[in-house]
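A short worksheet on the structure shown next.
Quantities reported herein were computed from a predicted structural model and do not represent experimental measurements.
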Amino acid sequence: MNHQCKILFLRAMSISKTYQPKQAEDKWYSYWMENGFFRSVPDEREPYTIVIPPPNVTGVLHMGHMLNNTIQDVLIRRARMKGKNACWVPGTDHASIATEAKVVAMLKEKGINKKDLSREEFLEYAFEWKNKYGGIILDQLKKLGASCDWERTRFTMDPDLSEAVIDTFIHLYKKGWIYRGIRMVNWDPQGKTAVSDEEVIRKEVNQKLYYIKYQVSSIKYQDLNAGDANQSNDLILDTNYLTIATTRPETIMADAAICINPNDERYTHLHGKKVLIPLIGREIPVILDEYVTMDFGTGCLKVTPAHDLNDYELGIKHNLPVIDILNDDGTLNEKATILVGEDRFAARKKIAVLLEEAGSLEKVEEYKSQVGYSERTNAVIEPKLSMQWFCKMDEMAGPALDYVLKGDIKLIPEKFTNTYRHWMENVKDWCISRQLWWGQQIPAWYLPNGQHVVAKTVEEALEEANKLQATGSKLQASDLRQDEDVVDTWFSSWLWPISVFDGFKDPNNEEISYYYPTNDLVTAPEILFFWVARMIMAGHEFRGEIPFKNVYLTGIVRDKLGRKMSKSLGNSPDPLDLIEKYGADGVRVGMLLSSPAGNDLMFDEGHCKQGSAFANKIWNAFNLIKGWEVDERLTNPNAVTIQWFNSRFNQALVDIEEQFKQYRLSEALMSTYKLVWDDFCAWYLEMVKPTYQAGVEKQQIDKETYEATIAFFQNILKVLHPFTPFITEELWHDELFGERTAKDCCIVALLPAIGEIDARLIAEIEVVKTVVSEVRNVRNAKQLSPKDKLPLAIKANSGIDHKHYFAILTKLGNLEEVTFTNDKIAGAASFLVGTDEFYIALEQNIDVDAEKIRLSEELVYLQGFLKSIESKLGNERFMQNAKPEIVNNELKKKADAETKITIIKESLSALSA
RNA sequence: GGGAGUUUAGCUCAGCUGGUUCAGAGCAUCUGCCUUACAAGCAGAGGGUCACUGGUUCGAACCCAGUAACUCCCACCA
């Protein structure tokens with residue numbers, strides 16, 4: 001039967017030859033849900049809690065989510081299997097700017113303009129949209145196998161979470177930590193809102209640097225004469241204008257001054273002068289400030305306080321007027337006097353032409369500079385002055401920093417601690433107002449006289465407001481106007497670990513007392529400050545406690561070229577397609593295979609392929625065992641093998657436990673992978689599997705081996721489960737493992753306890769494995785079929801009792817017999833493992849000359865090696881300084897090398913005889 | 001401009017207190033195999049100036065200094 005036919009034939013049989021993930025995934029996910037295995041309620045067990053970093057409610061699953069949530073699921077499943085009360089709280093973030101932008105776009109398609117709607121009408125549309133499309137991402141997470149307690153699903157705009165936002169706003173306002181002020185903010189003209197510094201992404205772009213001439217206006221003929229008499233006429237004419245360099249010529253109409261460095265000798269004649277803005281002819285002063293860099297550009301700086309942060313500060317210092325020529329949407333307003341209504345970028349192009357025509361444009365240069373873009377809308381950020389709400393950070397930053405520095409909160413990997421500290425020590429106040437409707441409206445009310453009060457309800461606000469009214473008529477609710485703005489999304493997400501357990505309204509409730517502080521937070525380093533730092537602040541401020549103990553920072557998922565995977569680049573595979581192709585288990589393994597904490601992950605689909613191959617390997621190991629049947633008459637020939645695997649398994653458990661403790665998840669997976677593939681499949685199963693018995697449907701095996709193997713396999717399923725939950729659950733329920741009750745599932749099984757490890761046995765089996773490999777090498781070298789049985793003779797020089805392992809050697813080496821010998825066997829193929837000599841007598845004698853060369857080479861190597869050890873041991877300083885165990889080790893190496901040299905010399909002389 | 005990090009096999013990465021024959025793993029590659037669980041497999045093999053230059057040390061991939069390249073974060077140079 002050829003290979004293709006065999007596949008077709010076997011597919012038709014009841015047990016599939018390959019693992020088919022799809023069916024198992026749907027089946028077991030719903031089974032877990034139906035049986036409430038993800039559900040967590042407080043009980044007497046130790047809690048283990050993770051709150052999900054809530055994805056944007058508008059989001060769709062991308063590779064970053066896949067990585068992040070695979071890690072969380074592995075952690076939560078492992079905790080569950082350690083008998084802890086594992087609680088993974090899912091949810092979504094209302095993501096004010098991003099969502100509002102999507103809703104506005106949706107309305108636009110319907111022909112509705114946001115401007116024409118009332119706030120209430122808009123929010124109705126927005127909620128309708130959210131209910132329809134929001135949270136798709138959570139369903140996608142289910143495909144990955146995420147074992148969240150879905151009954152706990154929260155949304156950052158749920159009524160109680162919103163209430164917590166309002167309460168904390170009021171709390172901080174009363175403390176004086178929230179204030180209102182005019183500041184230069186980052187304005188997103190597309191979203192028409194302020195965004196925080198953290199939401200501005202700076203990119204280097206090619207720009208043009210325009211050199212523009214400003215006519216000096218107050219220059220008088222007398223002034224020219226009063227100057228240096230030696231100056232030529234030409235030079236004096238040159239001083240009739242000065243030149244500035246700018247990347248933003250459309251803002252010249254907002255200029256308030258020209259600034260030069262007082263030490264700049266080129267421009268001393270300009271001190272105290274005034275100049276005219278080209279095109280509009282408005283007169284502005286020349287001011288002096290050392291802020292200006294003399295060797296950059298022309299040394300003359302246009303000062304535009306309304307549209308540049310530095311200029312704004314210069315403006316305050318020099319008491320300059322602020323002329324804001326931009327509308328909220330980035331078009332020019334009437335204060336610009338020209339190009340009114342034009343978009344800023346269109347205006348830039350047009351004004352360049354106008355300047356050129358007016359003869360005011362000296363030249364244009366190509367120039368690279370940093371431009372800020374909105375993270376949410378990708379619009380170019382406009383520095384803009386506006387009245388905003390701010391939250392003071394300095395007092396909250398201190399304790400939040402201490403938690404991390406003292407180690408109460410561990411950042412994994414630790415390198416992020418430095419970055420964290422740097423940020424916390426240089427923290428700036430947080431602009432928390434956003435000019436949007438989607439979010440929690442700021443609980444501030446304005447009085448007709450411009451004063452404001454902060455209160456939870458309009459009634460309370462009215463009461464407060466009337467207190468402010470010294471005398472006279474009482475205000476009515478209708479006299480108050482609530483602030484139109486909402487708070488920054490992060491002002492709700494920083495409360496997440498507390499608010500999901502209702503820790504604000506009911507700070508001593510059973511849930512929060514039980515689950516908080518949570519254990520691990522798994523998130524991206526990009527939001528270490530946005531979110532993680534602020535959660536720590538909120539934890540301290542509102543509960544006097546840390547919100548989580550460990551923060552596992554994942555890397556960014558990149559493609560093979562090192563580019564960040566993103567929808568806009570189109571370089572990201574659709575995660576659901578991957579799951580379809582490789583199975584959820586395969587993709588999970590693929591994500592984890594190469595993702596140490598904090599390092600970016602170079603995603604390669606090949607890893608998923610490796611993952612699905614692994615699942616298939618497990619499946620086939622199962623198939624092998626499934627084909628066995630106990631014959632009570634048989635005795636157990638595999639006692640040593642069973643003992644060995646038991647030890648090896650326990651040793652692997654120790655390794656895996658340690659790797660998890662250090663959050664080295666990919667290493668823990670790799671240890672598990674090798675345990676299954678190499679130790680269990682390649683060695684253990686090969687050692688114990690019955691030699692093929694023709695003519696029987698099932699292969700007969702002794703009871704002890706059968707039972708031990710099934711027990712091992714079941715334990716392996718447990719260890720595998722956090723990584724590959726679906727296939728393990730599928731196999732777990734096979735009748736091979738006996739009767740299962742409805743609740744007896746792998747997902748809630750307890751991980752095997754670590755048992756005894758026989759280190760000597762493990763070491764000796766390693767020798768046996770090497771011997772088997774050497775025998776195979778001899779076969780390979782001599783082109784012998786694996787079916788030919790060979791005789792092996794051992795000249796034992798070490799302490800290993802090879803007799804224990806004869807059965808294993810015979811089986812895996814396909815030997816006809818194993819014997820001991822006291823003498824070298826002339827003409828036989830030979831090899832050395834440790835200090836023991838092995839001989840395989842072949843029909844054809846070996847090539848004596850080739851063997852001599854091989855042995856001589858090895859001899860030379862060993863002699864060199866011995867020499868280096870001897871020189872080490874002969875070095876007085878080594879003997880004095882090195883630790884005793886190191887010295888002992890060297891002595892042992894020396895003895896071994898000497899023994900081997902003796903053996904090889906004997907072999908050589910035997911060959912020559 | 002400031003700070004942090006990275007550099008080990010073709011790729012992705014380990015190498016934890018400087019000391020095993022220490023230069024490793026997985027993948028990929030090459031060779032031979034459809035050998036009664038698995039070709040998504042099996043048996044083997046090759047592959048390295050540990051970025052570079054110095055230093056410390058009996059001993060350095062590991063510690064120190066410098067250099068180079070890359071990455072990230074922060075920062076207002078028009």
Margin query: Rounding to an integer number of Å, can you tell me how far A/Ile625 CD1 sits from B/rC38 P?
Written below: 14 Å
Checklist line | Pair partner, B/rC72 [Watson-Crick or wobble, under 3.5 Å] | finding: B/rG3
Notebook entry, point to check: Across the strands shown, which category fits A/Lys674 at heavy-atom distances under 4.0 angstrom: base, sugar-phosphate, nothing?
Noted result: sugar-phosphate
Note to self: Whether the side chain of A/Gln207 and the base of B/rA78 hold a donor-acceptor pair under 3.5 Å is what I'd like checked.
What the structure shows: no
Check: Touch check for A/Ile556, heavy atoms < 4.0 angstrom, all strands: base, sugar-phosphate only, or nothing?
Finding: nothing
Item checked: A/Glu425 CD - B/rC74 P separation (whole Å) -> 16 Å
Next item on the list: Could you tell me whether A/Ser773 contacts a base, only the sugar-phosphate backbone, or nothing, with contacts defined as non-hydrogen atoms closer than 4.0 Å?
Entry: sugar-phosphate
Check: Which nucleotide, B/rA37, B/rC58, B/rC42, lies nearest any side-chain atom of A/Asn881?
Finding: B/rC58
Check: What's the CE-P distance between A/Met670 and B/rG26, to the nearest Å?
Finding: 7 Å
Note to self: For B/rC27 and A/Trp677 - does any side-chain N or O of the residue sit under 4.0 Å from the phosphate oxygens OP1/OP2?
What the structure shows: no
Note to self: Taking the C1' atom in each of B/rG48 and B/rU29, what is the distance between them to the nearest angstrom?
What the structure shows: 16 Å
Next item on the list: Find the partner of B/rC16: check Watson-Crick (N1-N3 plus N6-O4 or O6-N4) and G-U wobble (N1-O2, O6-N3) distances, both under 3.5 Å, and reply none if neither fits.
Entry: none
Notebook entry, point to check: When all nucleic acid strands are considered with a 4.0 Å heavy-atom cut-off, which category describes A/Ser612: base, sugar-phosphate, or nothing?
Noted result: base
Next item on the list: Take the protein atom NZ of A/Lys689 and the nucleotide atom P of B/rC42, then report the distance between them rounded to whole Å.
Entry: 11 Å
Next item on the list: Counting Watson-Crick and G-U wobble pairs only, both distances under 3.5 Å, name the nucleotide matched with B/rU35, or none.
Entry: none
Check: OP1 or OP2 of B/rA45 less than 4.0 angstrom from a side-chain nitrogen or oxygen of A/Asn777, does that happen here?
Finding: yes
Next item on the list: Report which part of the nucleic acid A/Asn875 touches: base, sugar-phosphate, or nothing (heavy-atom distance under 4.0 Å, all strands).
Entry: sugar-phosphate
Next item on the list: Inspect the contact between A/Asp896 and A/Lys892 and indicate whether a charged nitrogen and a carboxylate oxygen are less than 4.0 angstrom apart.
Entry: yes
Item checked: Separation between CD of A/Glu870 and CZ of A/Phe865, rounded to the nearest 0.5 Å -> 11.0 Å
Item checked: A/Thr243 and its side chain to side chain donor-acceptor pair (under 3.5 Å) partner, picked from A/Glu362, A/Lys363, A/Lys213 -> A/Glu362
Item checked: d(CZ, A/Arg421; P, B/rG2) in whole Å -> 19 Å
Check: If you look at every strand shown and take non-hydrogen atoms under 4.0 Å, does A/Glu774 touch a base, only sugar-phosphate, or nothing?
Finding: nothing
Next item on the list: Searching all strands shown, indicate the nucleotide that pairs with B/rC30 (Watson-Crick or G-U wobble; both distances under 3.5 Å).
Entry: B/rG44
Margin query: Check this one for me: any side-chain N or O of A/Tyr19 less than 4.0 Å away from OP1 or OP2 of B/rC38?
Written below: no
Item checked: Gap between atoms CZ and C1', on A/Arg248 and B/rC76 respectively (whole Å) -> 13 Å
Next item on the list: Answer with base, sugar-phosphate or nothing: what part of the nucleic acid does A/Arg779 contact at a heavy-atom distance below 4.0 Å?
Entry: nothing
Notebook entry, point to check: For A/Ile869 and B/rG19, what is the distance between atoms CD1 and C1' respectively, to the nearest whole Å?
Noted result: 12 Å
Check: Taking only side-chain nitrogens and oxygens of A/Lys617, does any of them come within less than 4.0 Å of OP1 or OP2 of B/rC42?
Finding: yes
Notebook entry, point to check: Is there a donor N/O on one and an acceptor N/O on the other, under 3.5 Å, for the side chain of A/Tyr291 and the base of B/rC77?
Noted result: no
Note to self: Using OP1 and OP2 only, check whether a side-chain N or O of A/Arg776 sits under 4.0 Å from B/rC33.
What the structure shows: no
Margin query: So A/Val292, base contact, sugar-phosphate only, or nothing? Heavy-atom distance under 4.0 Å.
Written below: base
Next item on the list: Can you figure out which of B/rG19, B/rC16, B/rA78 approaches the side chain of A/Lys883 most closely?
Entry: B/rG19
Next item on the list: Would you mind telling me which residue lines up with the more 5' stretch of RNA chain B, A/Thr247 or A/His607, judged by nearest nucleotide?
Entry: A/His607
Checklist line | Under 4.0 angstrom between A/Lys872 side-chain N/O and B/rG19 OP1 or OP2 | finding: no
Check: Closest nucleotide of RNA chain B for A/Ala694 versus for A/Asp604: which of these residues is on the 5' side?
Finding: A/Asp604
Next item on the list: Using Watson-Crick or G-U wobble geometry with both distances below 3.5 Å, tell me the partner of B/rG54, or none.
Entry: B/rC64
Notebook entry, point to check: When you compare B/rA60 with B/rA23, how far apart are their P atoms, in angstrom units rounded to a whole number?
Noted result: 13 Å
